[in-house]
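Got a structure for you, questions after.
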Amino acid sequence: MRLWSRGSEGGWPWLAAGSVALSLLALLALLVLLGSRGLVHFWPAPVEVVTLDSGERFAGQRMRQERVAGDPQTDVLYRTGNRDLDGNYWRWVDADVIDTRQRPDNMLVLEREHWGEFLGRLVAIRQSDAATPLPLSGDEAWQVLSARLERVEALRDQHRQLSDEVIEPVARRLVALRSAGKADPAQQAALIERWETAHQRLAELDAALSRDTLILESVEGRRLEQPLAGVLAAWQPNAMTWMDKLFHWARGVGAFLSEGPRAGNLEGGVWPAIFGTVMMVLLMSLIVTPFGVLAAIYLNEVAHQGPLIRLVRIAVRNLAGVPSIVYGVFGLGVFVYGIGGQLDSWFFSDSLPSPTFGTGGLLWASLTLALLTLPVVIVATEEGLARIPVQQREGALALGATRYEMLRRVVLPMAVPAMLTGVILAVARAAGEVAPLMLVGVARLAPQLPLDGEFPFLHLDNKFMHLGYHVYNIGFQGGDVERALPLVYATALLLVVVIVVLNLTAISLRHHLRARHRALDR
Amino acid sequence: MTDFTSEASCFEVEGLSLAYDGKPALRDLTLRIPRQRVTAFIGPSGCGKSTLLRVLNRLHDLNEDVSRQGRVVLAGQDIHAPDVDVAELRRRVGMVFQTPNPFPMSIYDNVAFGVRLQGIKRKRVLDEIVEWSLESAALWDEVKDRLHSSAWTLSGGQQQRLVIARTLAVQPEVLLLDEPASALDPISTLKIEELIRSLKSRLTLVLVTHNMQQAARVSDYTAFLQDGELIEYAATDNLFTNPRLRRTENYITGRMS
């Protein structure tokens with residue numbers, strides 16, 4: 001068969017189609033890798049009780065096995081948890097020395113606030129108001145634990161609600177009254193009374209929370225006392241049905257998306273990072289769009305098209321190629337130290353030497369990224385403006401429109417889809433940038449969101465978390481690589497999803513606007 | 001009607017010369033355009049007839065590096081005088097282009113565009129003006145049921161009449177037509193020509209055309225331009241049946257090289 005014959009189409013369509021297919025395949029591979037490695041992390045893995053030839057027993061979740069090059073033996077990696085008992089979270093075992101592996105139904109996994117996971121059995125519960133611990137075993141142990149855990153969760157909710165909705169607002173109002181100077185004694189007394197009753201209630205809740213202590217036993221036979229208040233979740237993976245596991249998985253993903261990080265970012269969720277990323281990108285778009293559009297209007301509509309403008313245009317296009325870290329350095333020097341330092345000395349001199357705006361923050365990061373993406377918006381908008389037919393402009397002028405009216409009513413509405421294309425490209429670029437952010441305000445841990453109910457609601461001077469930096473941080477800065485790796489994949493997948501969602505929002509907006517001038521694309 | 005001197009004049013062009021980048025486009029033109037008549041400019045491509053048209057509402061201002069001598073007087077006023085409001089001049093001297101250029105808005109908004117620029121916002125008034133303009137452009141019956149659909153959904157001929165309606169809506173004194181039918185099919189062309197004749201009673205029309213039959217059919221006076229010079233200017237009947245100059249005769253009979 002001759003593919004490359006003269007007279008026929010030849011092979012070039014295959015070459016072109018092949019490169020498209022290759023790109024799509026690479027993209028698919030990326031998503032599959034991130035998805036499989038990241039999402040499997042939340043699936044409840046079965047717990048094996050392993051007996052070695054030596055008679056030693058331990059429990060763990062089998063992660064993977066590896067063959068060392070030039071070594072005949074295979075090593076198996078187990079996630080054993082119980083770091084407070086033996087100091088290790090992982091255990092490598094030579095596959096040849098494993099005697100038996102069992103999956104007993106009553107193996108319990110506890111997710112704890114400190115020390116990570118516990119693997120083992122519940123043998124008793126001690127109540128602070130009872131003299132002796134209540135011994136438990138088998139199914140009964142699991143039922144009692146579930147009931148007690150539910151009670152603790154309800155108490156925790158009440159605790160959170162009380163401190164969020166009563167204690168904090170009252171305390172804030174007291175401070176405000178005091179700083180205003182003319183406090184009404186009756187009002188102040190009433191507030192203090194409310195505060196004190198709430199505190200009393202809080203102390204009661206704390207006591208109720210710390211009532212139960214679990215007495216746990218590992219497979220090796222070592223005992224451990226664990227306050228129930230420090231237990232976040234409990235499950236018996238070996239006894240779970242498929243549906244149970246799916247439910248558990250969904251809850252795990254939900255918690256990952258909605259909670260703040262714990263334990264050196266290796267546990268808990270990434271909600272502050274999602275919020276920080278979206279917030280920064282939105283703020284960046286709000287800053288870059290008007291600047292970019294105005295600059296493009298000047299370059300294309302106002303300025304005399306001479307050699308100077310051509311030079312400016314070349315410079316703008318070249319700015320898009322400057323490495324992002326350079327923008328980070330610029331942002332640090334000009335925004336953070338320059339403008340931020342000046343703002344501090346003018347308006348926040350009370351709190352100096354601790355800086356308010358003179359350190360990295362949400363505003364400076366957004367401004368730096370806006371600068372980074374400015375050329376993209378300018379170029380896209382300029383191309384959109386240049387595409388508008390001269391007949392449209394002359395038509396408007398011939399009806400007695402001034403140049404401003406022509407721009408405002410005919411040219412700009414027609415160029416809106418092009419501007420949005422610029423914003424889409426800018427968002428895509430900005431959401432993925434990490435390097436400049438490290439200089440101008442991203443934080444390893446900033447659980448407090450930059451947007452809250454406290455005046456002025458949007459805290460532009462706050463440091464914030466970012467998914468991209470989170471990936472870098474847990475992947476390279478944490479100690480436990482094995483624990484971090486699934487989270488790296490999951491966070492990377494999430495970053496991709498966030499960027500896609502942001503882009504789809506802008507694209508649907510553009511589609512909506514373009515439908516109004518559909519004929520332009522004929 | 002063929003008596004030139006008895007007509008009241010609308011435009012008076014006196015010694016007009018125009019050069020782009022030093023290249024002359026119009027050379028020392030002097031002519032009077034009579035009021036409420038159709039005047040046609042004919043001539044080979046690049047003869048300057050479109051340039052002359054664009055001088056009349058100062059659209060040529062948009063070009064850079066233009067130098068001009070001479071005067072253009074509209075109703076007693078020099079349109080290049082420094083105190084002239086260009087936007088107001090262009091409202092008084094409307095223009096229709098070769099390719100229909102409705103804005104990407106509804107039919108209604110297209111017609112109301114120029115009126116709204118004048119600051120008229122009341123819906124009752126706008127409705128009235130839109131209906132009147134579309135009727136004047138012989139388009140009302142075809143679009144009255146879909147005033148709020150996009151102007152781009154109209155056919156080419158309808159779009160051109162819409163553009164004329166849009167121009168009429170701001171009550172111009174003069175309507176400049178730059179080859180208004182050259183992009184249209186014969187039936188649409190016929191409709192535009194009818195429209196031009198019917199509008200004569202209300203305003204002055206100046207038509208640039210490549211089509212000699214069209215000039216003969218619709219215009220009262222015809223000016224023949226070549227290389228930026230006015231060669232012959234006369235009542236249309238005279239110019240076509242009895243041209244004074246050999247160059248004119250060669251052109252209108254198609255013996256132009």
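Heavy-atom basis, side chains included; hydrogens, waters and symmetry copies ignored. Just so we're on the same page: letters track the sequence lines, and every chain starts at 1.
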Per-residue contact mode, B:F103 against chain A (heavy atom under 4.5 angstrom): both

Which region of B:R54, side chain (C-beta onward) or backbone (N, CA, C, O), has a non-hydrogen atom less than 4.5 Å from a non-hydrogen atom of chain A, or is it both or neither? side chain

Flag yes if more than 12 heavy atoms outside B:I187 fall under 6.0 Å of its CD1 atom; otherwise flag no. no

Applying salt bridge (Lys or Arg N to Asp or Glu O under 4.0 Å) as the test, list every pair that has at least one member in residues 417-430 of chain A; sequence neighbours left out. A:R429-A:E433

Measure across B:M95 and A:A398 and return the closest heavy-atom pair with its distance rounded to 0.1 Å. CB-CB, 4.0 Å

In this structure, CZ of B:R90 is separated from CG of A:L399 (nearest 0.5 Å) by 11.0 Å

Any side-chain heavy-atom pair from A:R409 and B:L117 closer than 4.5 angstrom? yes

Under 3.5 Å donor-acceptor, B:N101 side chain and A:Q392 backbone: no

At a 4.5 Å cut-off on heavy atoms, which part of B:L59 comes close to chain A: side chain, backbone, both, or neither? side chain

Whatever's closer than 4.5 Å to a heavy atom in chain A on B:P102 counts as backbone

CZ of A:R408: more than 12 outside heavy atoms within 6.0 angstrom? no

Which atom pair, heavy atoms only, marks the closest approach of B:P104 to A:M414? CG-CG, 3.4 Å

Sorted by chain and residue number, the ring-ring contact (aromatic ring centres under 6.0 Å, His included) partners of A:H304 (sequence neighbours excluded) come out as none

Above 12 or not: heavy atoms from other molecules or residues under 6.0 Å from OH of B:Y20? yes

